[in-house]
Amino acid sequence: MEENARKPYDGFMRTPYAKVLGLALSLVICILILAVSAVGSILYLLSGIILYIIPRLFHVKGFKPMAVLGVVFLVAATLIGAFAFSIPNMESHDVEHMSANGFSAAWVGDEAQGTVISVEYSGTGTPQIRYGAVNCGFSTVYGASSTMDMKNMGTGYQVTLQLNEGTPYVIQFIGDSGNSNYAVINYGPGDLTGVAISGNLYNAALPTIAFFIILIVMTVMWKKAEELRVQMEADGRLYPKGEGVCKECGMIILPGMTVCRCGAPIIPPEGYKPPVRETAKSEDHFECSECGKPVPADSDVCPHCGARFDED
């Protein structure tokens with residue numbers, strides 16, 4: 001064969017540019033996953049796995065660059081989720097957007113007894129209001145909710161809520177035809193920023209933790225595998241690192257192989273001589289002059305490298 005079959009893979013994919021591309025690509029893809037998936041869905045966990053896999057495909061193997069990627073992902077996902085998604089989404093859902101499913105003319109005002117919320121309702125029965133402190137993750141806005149019946153005031157329905165000052169709340173009217181759109185109330189300048197950052201930090205932390213668990217476990221496994229390789233090289237069961245591949249096809253070759261699977265003859269690396277085993281010193285064995293491995297005394301051919309011996 002005139003060309004190494006692995007050459008296309010050993011080109012761009014092993015360059016520093018490929019590694020940077022792999023790190024950037026994993027970051028973008030995982031942030032997009034968080035942006036389009038529901039908070040707490042299985043995709044959140046999968047994004048942590050994907051964050052690890054993609055750089056590995058681009059031959060990013062060091063612990064340090066992968067750890068930096070995890071930290072950058074946590075910070076970027078938190079800030080992008082908060083300022084590009086959560087805050088604009090909450091600001092766009094004010095009380096004017098509550099007119100739906102029979103509800104209209106919604107109004108929120110502060111009075112001495114608390115926060116008064118009123119609405120006109122054209123449906124049947126007594127409407128309810130559901131409310132809770134805001135939490136969020138990218139485009140999802142939610143909160144631990146309590147439900148109250150609204151009072152019929154003749155011209156509409158009303159309820160008075162005791163809300164903590166400076167804490168944004170989600171309110172939602174509930175009628176016989178189902179739920180309306182939600183609104184975010186009870187916040188001033190800057191109040192949404194803290195809620196958005198803390199909410200997105202919590203949600204971005206879930207895939208980040210999964211990523212670091214995988215990274216640490218795999219790093220330990222690779223370290224143990226490398227220690228095993230060093231031991232196998234010392235025992236003569238593997239060629240030195242970087243030498244144990246066929247020059248023609250790039251397949252892994254082992255000491256003692258004389259012909260590769262591709263049919264190319266195998267020549268041991270220059271200067272390579274495996275350690276002499278104790279059995280080689282036995283009267284029943286002698287050391288092969290070609291590969292240095294023990295050969296039974298009555299053998300005409302080395303069972304390891306295929307070298308032939310004369311009668312002498």
**OP:** Mind telling me whether Tyr131 and Tyr169 have parallel, tilted or perpendicular rings, with 30° and 60° as the class edges?
**Re:** tilted
Original post:
Out of curiosity, Thr147 OG1 to Gln128 CD, how far, rounded to the nearest 0.5 Å?
Top reply: 6.0 Å
**OP:** Find out whether Val108 and Val116 are in side-chain contact, i.e. whether some heavy atom of one side chain is under 4.5 Å from a heavy atom of the other.
**Re:** no
Original post:
With hydrophobic residues grouped by side-chain heavy-atom distances under 4.5 Å, do Leu43 and Val28 end up in a single group?
Top reply: no
Subject >> For Ile31 against Ala76, the heavy-atom pair lying closest together >> reply: CD1-CB, 3.9 Å
Original post:
How many angstroms lie between CG in Asp191 and CE in Met90, if you round to the nearest 0.5 Å?
Top reply: 10.0 Å
Subject >> Joint hydrophobic cluster, Ile197 plus Ile87, side-chain heavy atoms closer than 4.5 Å >> reply: yes
Original post:
Which pair of non-hydrogen atoms, one from Asp94 and one from Ala183, has the smallest distance, and what is that distance?
Top reply: O-CB, 3.5 Å
**OP:** Among Val95, Leu161, Thr160, Leu163, find the one that has a side-chain contact (heavy atoms from CB on, under 4.5 Å) with Ile117.
**Re:** Leu161
Original post:
So, for Ile54 and Gly22, which heavy atoms are closest and what is the spacing to 0.1 Å?
Top reply: CG2-O, 3.6 Å
Subject >> Minimum side-chain heavy-atom gap Leu74-Leu201 below 4.5 Å >> reply: yes
**OP:** Could you tell me which non-hydrogen atom of Ala82 sits nearest to which non-hydrogen atom of Pro88, and how far apart they are?
**Re:** O-CD, 4.1 Å
Original post:
Under 4.5 Å between side-chain heavy atoms, hopping through other hydrophobics if needed: is there a path connecting Tyr44 to Ile53?
Top reply: yes
Original post:
Would you say Glu111 has more than 12 foreign heavy atoms packed within less than 6.0 Å of its CD?
Top reply: yes
Subject >> Pairwise distance CZ(Phe58) to OG1(Thr15) - rounded to 0.5 angstrom >> reply: 10.0 Å
**OP:** Could you tell me whether a side-chain N or O of Glu91 sits under 3.5 Å from a main-chain N or O of Val184, the two making a donor and an acceptor?
**Re:** no
Subject >> Whether Phe103 and Phe173 hold their rings parallel, tilted or perpendicular, with breakpoints at 30° and 60° >> reply: parallel
Subject >> Pairwise distance OG1(Thr126) to OH(Tyr121) - rounded to 0.5 angstrom >> reply: 9.0 Å
Original post:
Is a donor on one side and an acceptor on the other found under 3.5 Å between the side chain of Asn203 and the backbone of Cys136?
Top reply: yes
Original post:
Under 4.5 Å between side-chain heavy atoms, hopping through other hydrophobics if needed: is there a path connecting Leu206 to Leu79?
Top reply: no
Original post:
Can you check side chain to side chain contact (heavy atoms under 4.5 Å, CB included) on Leu57 and His59, steps first, answer last?
Top reply: CA-CA 5 Å; Leu57 296 177; His59 300 284; over 6 Å; no
Original post:
Is there a side-chain contact between Phe212 and Val71 (heavy atoms, below 4.5 Å)?
Top reply: yes
Subject >> Over 12 foreign heavy atoms within 6.0 Å of CZ, Phe63 >> reply: yes
Original post:
If you group Ile, Leu, Val, Met, Phe, Trp and Tyr by side-chain heavy-atom gaps below 4.5 Å, do Trp107 and Val170 land in one group?
Top reply: no
Original post:
Between Leu34 and Phe73, is a side chain to side chain contact (heavy atoms under 4.5 Å, CB included) present by the stated rule, with each step listed?
Top reply: CA-CA 11 Å; Leu34 299 189; Phe73 168 76; 3.8 Å; yes
**OP:** Working to the nearest 0.5 Å, report the span between CD1 of Ile29 and CG of Leu51.
**Re:** 10.0 Å
Original post:
Are side-chain heavy atoms of Val141 and His93 found at a separation under 4.5 Å?
Top reply: no
Original post:
Any donor-acceptor pair under 3.5 Å linking the side chain of Asn200 with the backbone of Ala196?
Top reply: yes
Original post:
Any side-chain heavy atom of Thr78 within less than 4.5 Å of one from Tyr202?
Top reply: no
**OP:** Give the C-alpha distance, both sets of side-chain angles, the deciding distance and a yes or no for side chain to side chain contact (heavy atoms under 4.5 Å, CB included) between Lys223 and Thr219.
**Re:** CA-CA 6 Å; Lys223 183 178 180 181; Thr219 299; 5.6 Å; no
Subject >> Donor-acceptor pair between Asn186 and Thr115 side chains, under 3.5 angstrom >> reply: no
Original post:
More than 12 heavy atoms of other residues, nucleotides or ligands under 6.0 Å from CG of Leu25: is that the case?
Top reply: yes
Original post:
Is there a donor-acceptor pair closer than 3.5 Å between any side-chain N or O of Ser86 and the backbone N or O of Gly81?
Top reply: yes
Subject >> Arg130 and Tyr182, any side-chain heavy atoms less than 4.5 Å apart >> reply: no
Original post:
Out of curiosity, Met221 CE to Glu226 CD, how far, rounded to the nearest 0.5 Å?
Top reply: 14.0 Å
Original post:
Should we say atom CZ of Arg261 is surrounded by more than 12 heavy atoms from elsewhere, each under 6.0 Å from it?
Top reply: no
Original post:
Which atom names give the shortest non-hydrogen contact between Gly166 and Pro168, and what distance separates them?
Top reply: O-CD, 3.5 Å
Subject >> Distance-minimising heavy-atom pair for Leu69 and Pro55 >> reply: CD2-CG, 3.6 Å
Original post:
Checking side chain to side chain contact (heavy atoms under 4.5 Å, CB included) for the pair Asp149/Tyr157: CA distance, chi angles, key distance, verdict?
Top reply: CA-CA 9 Å; Asp149 291 332; Tyr157 290 85; over 6 Å; no
Original post:
Is there side-chain contact between Pro207 and Cys30, with heavy atoms separated by less than 4.5 Å?
Top reply: no
**OP:** Indicate yes or no: at least one non-hydrogen side-chain atom of Leu23 is less than 4.5 angstrom from one of Val72.
**Re:** no
**OP:** Give a yes or no on this: more than 12 heavy atoms of other residues, nucleotides or ligands lie within 6.0 Å of atom CH2 of Trp222.
**Re:** no
